[in-house]
Peer 1: 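Let me begin by handing over the structure; questions about it come next.
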Amino acid sequence: MADVVPEGPQGPPPSEAPASPGPALAVFAHPDDAEISAGGTLARWVDEGREVHLLVLTNGDRGSDDPSVDRAELARTGLTETEDAARLLGLASTTVLGTHDGELENTPQVRAAIALVVRRVRPSTVLTCDPTAWFFGNRYFNHSDHRTAGAVTLDAIYPGAGNPHFFTEQLAEGLATWNVPEVWMGWTLEPSHYQDITGFMDVKLKALAEHRSQVQGGLFGFFEEWLPTEAEENGRRIGVQHAEAFRVLTLD
Ligand SMILES: [Zn+2]
């Protein structure tokens with residue numbers, strides 16, 4: 001669902017954290033979250049030659065205010081739109097789980113599903129959202145699925161994907177454990193890194209526009225105005241035109 005965060009993240013002065021080489025895996029709750037939160041960064045990583053994968057934890061089947069919309073149809077539409085946006089961004093793979101929108105929980109099953117992709121992709125960077133971010137200013141509180149997506153992703157990484165006693169059936173199938181060295185979290189109140197996305201604002205917006213069911217009724221106009229404004233505010237912090245804000249953890 002297209003979520004509205006009216007104010008940009010506030011936080012301490014930025015520190016520079018260079019992007020690691022190697023594959024990256026983005027894990028978000030809803031079909032359009034990755035584009036809104038980190039579309040410029042994902043596009044930049046692809047441009048730099050990194051293999052970038054996307055895992056969406058819910059099928060977005062409540063991403064509409066129209067009571068007459070069929071939820072199964074909405075999920076099918078969301079999948080098509082996610083694949084179209086991924087193609088535009090140049091992503092290497094897209095996986096969408098069948099969890100119902102609004103019902104994402106931090107369970108062993110969801111952690112196993114994330115660990116499975118982590119063990120397949122063996123990412124040097126996992127990008128998700130900050131599970132501690134509840135209140136953005138006084139006009140918005142963060143969607144439960146977003147907070148849960150961040151928490152379940154962190155918990156799938158540690159203790160999880162790197163430990164041979166977790167999800168052992170995956171190891172029996174030939175996969176190996178994987179310790180994720182770096183985690184980036186968007187939609188954060190405590191950014192530690194501002195990623196320069198100058199030159200990638202257009203592709204971020206074009207990828208978001210592929211989520212046609214989510215940006216209809218003038219909502220894309222809102223994003224087209226708000227996202228560049230937010231990126232310009234972040235960019236000013238590091239002296240570039242556009243940037244996205246992240247809390248970055250280095251785990252090794
Ligand atoms: Zn969302």
Side-chain angles (χ1 to χ4, degrees), residues 1-9 25-43 53-66 69 71 74-86 88-89 91 94-106 110 113-114 126-137 139-154 156 184-189 204-224 226-227 230-231 244-247:
M1 67 200 317
D3 299 284
V4 178
V5 185
E7 292 183 14
L25 171 64
V27 187
F28 283 93
H30 305 123
D32 58 352
D33 289 352
E35 286 81 5
I36 296 170
S37 172
T41 297
L42 299 179
H53 301 260
L54 173 65
L55 172 58
V56 179
L57 300 176
T58 80
N59 62 12
D61 63 350
R62 287 194 175 96
S64 171
D65 292 330
D66 180 352
V69 166
R71 286 178 55 201
L74 203 55
R76 282 192 293 276
T77 301
L79 179 61
T80 303
E81 293 172 350
T82 300
E83 289 170 348
D84 290 346
L88 200 143
L89 287 169
L91 303 189
T94 306
T95 307
V96 180
L97 301 187
T99 317
H100 294 301
D101 193 339
E103 298 180 24
L104 185 62
E105 292 184 34
N106 188 341
V110 178
I114 298 169
V126 167
L127 191 156
T128 184
C129 38
D130 188 334
T132 70
W134 272 77
F135 304 105
F136 292 89
R139 293 177 56 207
Y140 178 78
F141 64 90
N142 204 1
H143 193 299
S144 155
D145 285 345
H146 297 170
R147 289 181 273 118
T148 303
V152 70
T153 301
L154 291 177
W184 290 37
M185 290 170 281
W187 283 335
T188 182
L189 298 167
K204 174 183 171 106
L205 291 171
K206 282 188 177 127
L208 179 59
E210 292 292 332
H211 293 275
R212 295 169 290 279
S213 69
Q214 298 303 298
V215 294
Q216 57 197 6
L219 196 54
F220 186 67
F222 165 78
F223 280 117
E224 212 173 14
W226 170 60
L227 287 173
E230 180 195 51
E244 288 170 337
F246 298 96
R247 180 179 194 158

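Counting starts at 1 for both ligands and their atoms, in listed order.
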Peer 1: Okay, side chain of Thr95, backbone of Leu55: is any donor-acceptor separation there less than 3.5 Å?
Peer 2: no
Peer 1: At less than 2.8 Å, would any N/O/S atom of Asp33, backbone or side chain, sit next to the Zn ion (ligand 1)?
Peer 2: yes
Peer 1: How is the N/O/S atom of His30 that comes nearest to the Zn ion (ligand 1) named?
Peer 2: ND1
Peer 1: Which word best sums up how the rings of Phe136 and Tyr140 line up, parallel for under 30°, tilted for 30 to 60°, or perpendicular for over 60°?
Peer 2: tilted
Peer 1: Would you say Phe28 and Leu127 make side-chain contact, with heavy atoms under 4.5 Å?
Peer 2: yes
Peer 1: Taking both backbone and side chain into account, is any N, O or S atom of His146 nearer than 2.8 Å to the Zn ion (ligand 1)?
Peer 2: yes
Peer 1: Among Ile114, Asp101, Asp33, Asp145, exactly one meets side chain to side chain contact (heavy atoms under 4.5 Å, CB included) together with Leu57. Which residue is that?
Peer 2: Ile114
